[in-house]
A.B. asks: 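Handing you this structure, nothing more for now.
Indexing begins at 1, ligand by ligand and atom by atom, following the structure's order.
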Amino acid sequence: MSSMITLALSKGRIFDETLPLLAAAGIQVLEDPEKSRKLILSTNQPNVRVVLVRATDVPTYVEYGGADIGVTGKDTLIEHGGQGLYQPLDLQIAKCRVSVAVRSDFDYAQAVKKGSRLQVATKYTSIARDFFATKGVHVDMVKLYGSMELAPLIGLADAIVDLVSTGNTLRANHLIEVERIMDISSHLVVNQAALKLKQAPLRRIIDAFASAVPPEKN
Ligand code: AMP
């Protein structure tokens, strides 16, 4: 008897960039998530299936065993906390950075002098809090779930902490990236109990992914 392996992915960049890694493990997803509303996708391997979840929910599904394995951004992993997750591999995909951005007419250097206060809008409250704490800046945090770029334009916050890839979204909204907090890429996460109970099939996938990850460019 072979046990089922469930892989949690989010639609979009993570799904698309995980496909070549799956191919390296001999796994082909049989349905296109952009063309179907199905949340459980079968693969060419009868004992491997893919579940589609919100990007921020991937660590939660894997933590509670709703999925055995998943692919998630380092940003999401930090905000989740990573408890209960084995993190064997940086997949070097879906790369971007977490940065601080402000309106071009905002004096950021003055605003982050030690002991000052800054209103920050972000969905990355943990990352933002840690970052400004090390600078000795007090933060009034406004938690948002999207369209962070709007906040400084409307006067809801002085600064945002958000993912930046090309910088096009910031430019389109007349915001400037004033500090890079950290580089982000997606990681493989594995449920720790599953790793023991389904060791052989999970190891096969982890090893195949590892062999397909491009060497780190510095
Ligand atoms: P860009 O305009 O290329 O700098 O992309 C910025 C927008 O895309 C922001 O709204 C980000 O939240 C989002 N974004 C950029 N990179 C990623 C990524 N790797 N994963 C998820 N969202 C991203």
A.B. asks: I'd like the residue list for ligand 1, meaning every protein residue with a non-hydrogen atom under 4.0 Å from the ligand.
C.D. replies: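 Contacts of ligand 1 under 4.0 Å: R13, A94, C96, E149, D162, L163, V164, S165, T166, G167, N168, T169.
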A.B. asks: With the 4.5 Å side-chain cut-off for hydrophobic clustering, are L89 and I69 part of the same group?
C.D. replies: yes
A.B. asks: So, T6 and R49: side-chain donor and acceptor under 3.5 Å apart, yes or no?
C.D. replies: yes
A.B. asks: Could you state whether V164 and V178 fall into the same hydrophobic cluster, counting links through intermediate Ile, Leu, Val, Met, Phe, Trp or Tyr residues with side-chain heavy atoms under 4.5 angstrom apart?
C.D. replies: no
A.B. asks: Please collect all salt bridge (Lys or Arg N to Asp or Glu O under 4.0 Å) contacts where either partner lies in residues 136-163, sequence neighbours excluded, each pair once.
C.D. replies: R117-D140
A.B. asks: Answer yes or no: does atom OH of Y61 have more than 12 heavy-atom neighbours from other residues, nucleotides or ligands under 6.0 Å?
C.D. replies: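 No, not enclosed.
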A.B. asks: Heavy atoms, side chains only, cut-off 4.5 Å: are Y108 and V100 in contact?
C.D. replies: yes
